[in-house]
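As structure tokens, the structure follows; a few thoughts come after it.
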Amino acid sequence: MIRRLFAIAALAWLLAPGAALAVLPDEQLADPALEGRARTLSQGLRCVVCQSENIDESNAELARDMRIRLRELLVAGKSDDEAVGYMVERYGDYVLMKPPFKATTLALWLGPFALLLVGALGIGLYYRRRGPIGAESAPAALSAAERQRLDHLLADDEPPTPPGDREAGR
């Protein structure tokens, strides 16, 4: 039983998409401190191809180029802010996994809340126009003629003939 579990776990590990495998050994820096900085910075930069992945996890060729360029900047002695600033200058604020709150990213930050508000208003208007729950399912009141005819039906009597049928001789 334990062997089966071990085999399943090993198979799952082999088949799982390799986020840790995105950074290839030839990309890694020899200096562990610089490599650590590069990994930290690349986790905060969005892959412009994969969009929901950072460049550290993405297997896209452009992400690889971005990782290599980031490492080149760090080896050249650039600070973290300068290296990230280079990427933002080249790709825009979109490249940041956490873009700054400013006028150009206002829609990005407030857009989801605005959509939520519009949705809540739409639902509120829908239910306001619809009226109270159950009002449309209440039966309409019977007219006097309908009530009289129903009483005759329930009493198992002959129903009164409607006025139009009497004149036609039916």
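Atoms considered below: every heavy atom in the structure, side chains included; atoms not considered: hydrogens, waters and symmetry mates.
Tracing side-chain contacts under 4.5 Å through hydrophobic residues (I, L, V, M, F, W, Y), one never reaches Phe113 starting from Leu121; they form parts of separate clusters.
Using a 4.5 Å cut-off on side-chain heavy atoms (C-beta onward), Glu146 and Leu150 make no contact. Residues Pro99 and Leu108 form a side-chain contact, since some pair of their non-hydrogen atoms from C-beta on lies under 4.5 Å apart. Using a 4.5 Å cut-off on side-chain heavy atoms (C-beta onward), Tyr94 and Val88 make no contact.
One distance of note links CG of Leu62 with SG of Cys50; it measures 9.0 Å at 0.5 Å rounding. The CG atom of Asp80 sits 4.5 Å away from atom CG of Leu41, with the distance rounded to the nearest 0.5 Å. Atom CG of Asn54 sits about 12.0 Å away from atom CG of Leu96, to the nearest 0.5 Å. The distance from the CZ atom of Arg46 to the CE atom of Met66 is 10.5 Å, given to the nearest 0.5 Å. Taken to the nearest 0.5 Å, the CG atom of Asp56 stands 9.5 Å off from the CG atom of Leu70. The line from CG of Leu34 to CG of Leu73 is 11.5 Å long, rounded to the nearest 0.5 Å.
Residues that satisfy the side-chain contact (heavy atoms from CB on, under 4.5 Å) test with Lys98, not counting sequence neighbours, are absent from this structure. In this view, Arg71 and Val23, Leu29, Glu35, Ala38, Arg39, Arg67 satisfy the side-chain contact (heavy atoms from CB on, under 4.5 Å) rule, not counting sequence neighbours. In this structure, the side-chain hydrogen bond (donor to acceptor under 3.5 Å, both in side chains) partners of Arg64, at least two apart in sequence or on a different chain, are Asp26, Glu27.
Ile55 and Ser42 make their closest contact through CG1-O, 3.2 Å (heavy atoms, listed as atom of the first residue, atom of the second, distance). Between Lys78 and Glu82, the closest heavy-atom pair is CA-OE1, 3.4 Å.
A distance-only check finds no donor-acceptor pair linking the side chain of Trp109 to the backbone of Lys102 [under 3.5 Å].
One finds a salt bridge joining Glu72 and Arg69 here, because a Lys/Arg side-chain nitrogen approaches an Asp/Glu carboxylate oxygen to under 4.0 Å.
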